[in-house]
Amino acid sequence: MTRLNLRGFEIHKGFLSPERQRALVQVLRPVLQAAPLFSPDVPGGGQMSVRMTAAGGYGWFSDKSGYRYIDAHPSGRAWPAIPAEVLGIWETLSGSDRAPECCLFNYYGEGAKMGLHQDKDEADFSYPVVSISLGDDGLLRIGGTSRREKTESIWLNSGDVVVMGGEARLAYHGVDRIRFKSSRLLPKGGRVNLTLRVVT
DNA sequence: AAGTAACC
DNA sequence: CAGG
């Protein structure tokens, strides 16, 4: 376990043991059953290559009209509860007095990526975003609070946890690519990223 | 606008 | 051609 700081991003390499990673995969199965993955449309046309769902009171959503949090899966069913094992990671690393209201579940299949963006659909940026990587390696790109600022990249591996707080809370970030089937955690391959947020 | 593509 |  080593901790790195890259432009305010607190990166806990190897935070989750392989056993803890496997336990997380197990508790996430019923979440996916209750709330199947979908690929949101984005304003201006186009569709994300990442497939996503969520747990908690709110899930992030996007369509032609914009980005927002919604209180139920697009199917109309309530989002499932955030598993206790996930809440425990937030409690250890967030330094927050509030529980997360959203556990966004992003699945990167072969070739999936996510463009540079800010997490700014939440009401209070004083709470950090905690990001958990499981499965295949992903290349995280980190910038500043303006699109013009230089960026730098770091490979995230299964079990790494990143805390985006303080100056990093509104920093641009994205995932340029994954190394498909670089990990054996997920039998079908791919990368799962969980992000915990206080929304309201 | 978390999309793509053009362009440098 | 890869990266920004």
Side-chain angles (χ1 to χ4, degrees), chain A residues 6-9 11 28 31-32 35-75 79 82 86 100-125 127-156 160-165 167-180 182 190-200:
Chain A
L6 196 58
R7 300 177 59 159
F9 285 62
I11 303 170
L28 290 170
V31 169
L32 288 172
L37 296 169
F38 57 91
S39 287
D41 293 328
V42 292
Q47 189 175 35
M48 298 181 70
S49 56
V50 171
R51 297 200 292 152
M52 60 177 63
T53 188
Y58 298 90
W60 188 84
F61 184 74
S62 163
D63 61 15
K64 285 173 208 161
S65 356
Y67 303 156
R68 60 200 177 274
Y69 283 93
I70 56 178
D71 62 9
H73 185 272
S75 66
W79 299 110
I82 302 176
V86 178
E101 298 168 302
C102 171
C103 173
L104 187 63
F105 183 119
N106 286 330
Y107 175 74
Y108 294 75
E110 191 167 16
K113 53 197 183 332
M114 190 178 289
L116 218 52
H117 68 280
Q118 293 172 296
D119 289 7
K120 57 174 184 183
D121 300 310
E122 303 76 29
D124 188 342
F125 303 132
Y127 295 97
V129 172
V130 173
S131 159
I132 302 162
S133 294
L134 295 169
D136 290 341
D137 304 339
L139 184 60
L140 173 70
R141 184 195 290 266
I142 291 173
T145 53
S146 134
R147 280 210 185 260
R148 306 193 173 280
E149 289 177 55
K150 287 177 200 164
T151 62
E152 49 194 308
S153 299
I154 182 169
W155 280 99
L156 296 179
D160 293 352
V161 180
V162 181
V163 180
M164 289 168 275
E167 55 171 310
R169 178 60 182 78
L170 287 171
Y172 278 90
H173 59 282
V175 175
D176 286 344
R177 57 181 188 266
I178 70 159
R179 285 199 279 239
F180 191 65
S182 52
R191 171 174 187 262
V192 168
N193 183 66
L194 305 175
T195 48
L196 296 163
R197 305 115 182 269
V198 171
V199 173
T200 61

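Side chains included, hydrogens not; waters and symmetry mates left out as well; all remaining heavy atoms used. Here is the naming used below: chain letters follow the sequence lines, and residue numbers restart at 1 for every chain.
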*Worked check of side-chain contact (heavy atoms from CB on, under 4.5 Å) between A/V163 and A/F9*: CA-CA 6 Å; A/V163 180; A/F9 285 62; over 6 Å; no

*Does A/R191 make a cation-pi contact with A/Y108 (under 6.0 Å, within 45 degrees of the axis)?*
yes

*Just checking, A/R179 and A/W155: is the charged tip under 6.0 Å from the six-membered ring centre and within 45° of the axis?*
yes

*Are there more than 12 heavy atoms of other residues, nucleotides or ligands under 6.0 Å from atom OH of A/Y58?*
no

*Any side-chain heavy atom of A/Y172 sitting closer than 4.5 Å to one from A/R147?*
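Yes. Closest side-chain heavy atoms under 4.5 Å.
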
*Taking the side chain as C-beta and beyond, is there a heavy-atom pair between A/P43 and A/Y67 under 4.5 Å?*
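The answer is yes, as the side chains (C-beta and beyond) meet within the 4.5 Å cut-off.
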
*Base versus backbone protein contacts along nucleotides 2-8 of chain B [heavy-atom cut-off under 4.0 Å; B, S, -]*: BSS----

_Below 30° counts as parallel, above 60° as perpendicular, anything between as tilted: where do the rings of A/W79 and A/H73 land?_
perpendicular

*asked:* As a test of your reading of the structure, name each stem of DNA chain B as range with range, where a stem is three or more consecutive Watson-Crick or G-U pairs at under 3.5 Å.
replied: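 So the stems come out as none.
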
*Taking atom types as modelled and ignoring hydrogens, do the side chains of A/E101 and A/Y69 form a donor-acceptor contact shorter than 3.5 angstrom?*
no

*Side-chain donor-acceptor pair under 3.5 Å between A/N106 and A/T195, yes or no?*
no

Protein and nucleotides 1-4 of chain C: nitrogen or oxygen contacts under 3.5 angstrom:
| from | atom 1 | to | atom 2 | distance (Å) |
| --- | --- | --- | --- | --- |
| C/dG4 | OP2 | A/R141 | NH2 | 2.7 |

_Result of checking A/M114, A/E152, A/H173 against A/L140 for side-chain contact (heavy atoms from CB on, under 4.5 Å)_ =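 Of all the options given, the one that passes is A/H173.
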
*Reckon A/S39 touches a base, only the sugar-phosphate, or nothing at all at heavy-atom distances under 4.0 Å?*
nothing

